Amino acid sequence: MATIELKGKVQGMYNQVVEKNPGQVEFHQAVKEVLASIDPALKAHPEFEKAKIVERLVEPERVIMFRVPWVDDNGEVQINKGYRIQFNSAIGPYKGGLRLHPTVNLSILKFLGFEQILKNALTTLPMGGGKGGSDFDPKRKSDNEVMKFCHSFMNELYRYIGADTDVPAGDIGVGGREIGYLFGQYKKLTNKFESVLTGKGIEYGGSLVRPEATGYGLLYFVREMLKLKKEVIKGKVVAISGSGNVSQYAAQKTIQKGGKVITLSDSNGTIYDAEGINEKKLSYVLELKNVKRGRIKEYAEKFGCEYYPNEKPWKFKCDIALPCATQNEINKDDAKKLINNGVIAVGEGANMPSTAEAIDLFLANNVLFGPAKAANAGGVATSGLEMCQNHIGLSWTFEEVDAKLDGIMVSIFNQSTTAAEKYVKDKTNLVIGANIAGFMKVGNAMLAQGIV
Ligand code: NDP
């Protein structure tokens, strides 16, 4: 069953979204995929149509937009746009990351926030959906400039968030450094030390495994997926895109499980290491990206491997592809290259990295496909575990959190296969399965709460 086909009532719902949100193409794309997937569940549950659950789900509960003024190191005033989309609180406080990237706009954040609703529902934890960020570019900024921006961003955002209201986290361009600055300013403004952000440093309320969680969770999900073909990660050649938080720990877990990582990338190009990236080379990448904030090209210079400027990793022969950089990084042509080279599984570490046409090609060619909202949910799930630890005032060990994360990823996989089997009699269609499983939980919660 294709993901880009819309028929009947869902086509009408989609047309309305396009009409009401002109030009927001990424948001349209995310809604379309979900509508195409949940059609069988909507037909089986007419109560959703009567209560206009879909029409309510695609409209954010609240959109906050604000000015972020700050002064750069040359004493010049800079102004950025700040956003927070509080999309849906049916099953818990709004929860979702903050993205700092020049491409950030309302469409990108609405697509991410919309996806987040269903993703969070799959985690088994009580978290609603939200997303935020700014068109600020942390690249080539000094620590002082990043701090000034973060403080100014929080000067406005603090009014709308809180431990039981809305709990932001990291995303592209927001790691431990930025969360620290944001948390410090929230505390100063409110005089409260509360679980208002996740991804905090371990010394001030963070959770062990949170930095690793999205990448590790992705591999736990891929491990489950591979079982459908009686396959294992050990011995597989793995192409990974990106070299940020998700990519780094996806690579680490792949290596730990005996896979061979052959690529990493950034927005300037891709490195191809035929010998495989080992733990030692990976620790160089972590230092390069998280401390020196350099470019992945430097890896090729240091280890003498190939570097391809302005190219993506998908032309290289691999068994497993893990897109972990950004949206729409695997298009139809990339998918064809991967399929022709014999890829058996694709796990989405990034959000919406595959276009709808690419997903359809993977499904049509029996490539195991783990959609983002299921496969990368380990990050937000561990954020949920961080909130839990903050609420009870205890810290769990690395092993305890890792075991809980693994259990959650298995549960997400099982919920997805069960829903796919129930509604389309094909447990391997995890796109449909994840969308329906997430939607049923949120839809039922919205029904129970009446028209609000
Ligand atoms: P980081 O900022 O740590 O890393 C992002 C990586 O992607 C960098 O290597 C960056 O390269 C690359 N990248 C960004 N934009 C582009 C682009 N337009 N073209 C090519 N490469 C690009 O972000 P994360 O690792 O945290 O996030 C990566 C993806 O994973 C995002 O889609 C995010 O939404 C998703 N995600 C993240 C979670 C988390 O816990 N962090 C949780 C769930 C999903 P460069 O340095 O050159 O910009």
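None of the values given here were measured: they were computed from a predicted structure. First listed ligand is number 1; within each ligand, the first listed atom is number 1.
- Test Thr214, Thr198, Asn120 against Ser383 for side-chain hydrogen bond (donor to acceptor under 3.5 Å, both in side chains) and you get one pass: Thr198.
- Nearest to atom 17 (C) of ligand 1 among the protein's heavy atoms is Thr326 CG2, 3.5 Å.
- Interface atoms of ligand 1 facing Arg99, defined by a heavy-atom separation under 4.0 Å, are 31 (C), 32 (O), 33 (C), 34 (O).
- The shortest side-chain heavy-atom distance between Ile271 and Glu306 does not fall under the 4.5 Å cut-off.
- With hydrogens left out, the protein atom closest to atom 13 (N) of ligand 1 is Ala325 CB, 4.1 Å, a heavy atom.
- Proximity of Arg295 to ligand 1, defined as any heavy-atom pair under 4.0 Å, is confined to the side chain (atoms from C-beta onward).
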What do the steps show when you test Tyr158 against Tyr186 for ring-ring contact (aromatic ring centres under 6.0 Å, His included), and what is the final call? CA-CA 6 Å; Tyr158 86 97; Tyr186 179 84; 7.0 Å; no
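- Classified by interplanar angle (parallel below 30°, tilted 30° to 60°, perpendicular above 60°), the ring pair Phe316/Tyr272 is parallel.
- Close approach of ligand 1 to Cys324 (heavy-atom distance below 4.0 Å) involves ligand atoms 28 (C), 29 (C).
- Residue Lys139 places at least one N or O, backbone or side chain, under 3.5 Å from an N or O of ligand 1.
- By heavy-atom distance, the residue among Pro102, Ala169, Gly244, Gly173 lying nearest atom 2 (O) of ligand 1 is Gly173.
- Backbone and side-chain nitrogen or oxygen atoms of Asn376 are examined, and none is located within less than 3.5 angstrom of a nitrogen or oxygen of ligand 1.
- A salt bridge between Asp171 and Lys131 is present, with a side-chain N of the basic residue lying under 4.0 Å from a carboxylate O of the acidic one.
- Taking every heavy atom of Gly242 and a limit of under 4.0 angstrom, the matching atoms of ligand 1 come to 9 (O).
- At least one N/O-N/O distance between Arg210 and ligand 1 falls below 3.5 Å.
- In Val246, the parts holding a heavy atom less than 4.0 Å from any atom of ligand 1 are both the side chain and the backbone.
- Among all non-hydrogen protein atoms, the one lying nearest atom 41 (N) of ligand 1 is Asn245 OD1, 3.6 Å.
- Contact annotation: for Ser247 versus ligand 1, there are no heavy atoms closer than 4.0 Å.
- One finds a salt bridge joining Asp166 and Arg84 here, because a Lys/Arg side-chain nitrogen approaches an Asp/Glu carboxylate oxygen to under 4.0 Å.
- The single protein non-hydrogen atom nearest to atom 27 (O) of ligand 1 is Ile172 CG1, 3.7 Å, given as residue, atom name and distance.
- Here Ser265 has backbone heavy atoms under 4.0 Å from ligand 1, and that is the only part of it that gets that close.
- Contacts with ligand 1 closer than 4.0 Å are made by side-chain heavy atoms of His101 only, the backbone lying farther away.
- Remark: Glu33 engages Lys373 in a salt bridge, criterion side-chain N to carboxylate O under 4.0 Å.
- Looking at ligand 1, you'll find an N or O of Ser243 within less than 3.5 Å of one of its N or O atoms.
- Listed by chain and residue number, Phe183 satisfy the ring pair (Phe, Tyr, Trp, His ring centres under 6.0 Å) test with Phe193 (two or more places apart in sequence, or in another chain).
- Under the 30°/60° scheme for interplanar angles, the aromatic rings of Tyr216 and Tyr220 are found to stand perpendicular.
- A salt bridge links Glu231 to Lys236: at least one charged side-chain nitrogen sits closer than 4.0 Å to a carboxylate oxygen.
- With respect to the salt-bridge test (charged N to carboxylate O, under 4.0 angstrom), the residues Arg293 and Asp143 do not qualify.
- Asp171 OD1, 3.1 Å is the protein heavy atom nearest to atom 33 (C) of ligand 1.
- Evaluated by nearest non-hydrogen atom to atom 21 (N) of ligand 1, the leading choice among Gly170, Gly379, Ser267 is Ser267.
- Residue pairs satisfying the salt bridge (charged side-chain N to carboxylate O under 4.0 Å, His left out) criterion with at least one member in residues 255-273, sequence neighbours excluded, are listed as follows: Asp266-Lys289, Asp266-Arg295, Asp273-Lys281.
- The single protein non-hydrogen atom nearest to atom 42 (C) of ligand 1 is Thr214 OG1, 3.3 Å, given as residue, atom name and distance.
- Ion pair Glu386/Arg210 not flagged as a salt bridge, since none of the NZ, NE, NH1 or NH2 atoms sits closer than 4.0 Å to an Asp/Glu carboxylate oxygen.
- Contact annotation for Glu178 and ligand 1: no heavy atom of the residue comes within less than 4.0 Å of the ligand.
- Within a 4.0 Å radius of atom 31 (C) of ligand 1, the protein has at least one heavy atom.
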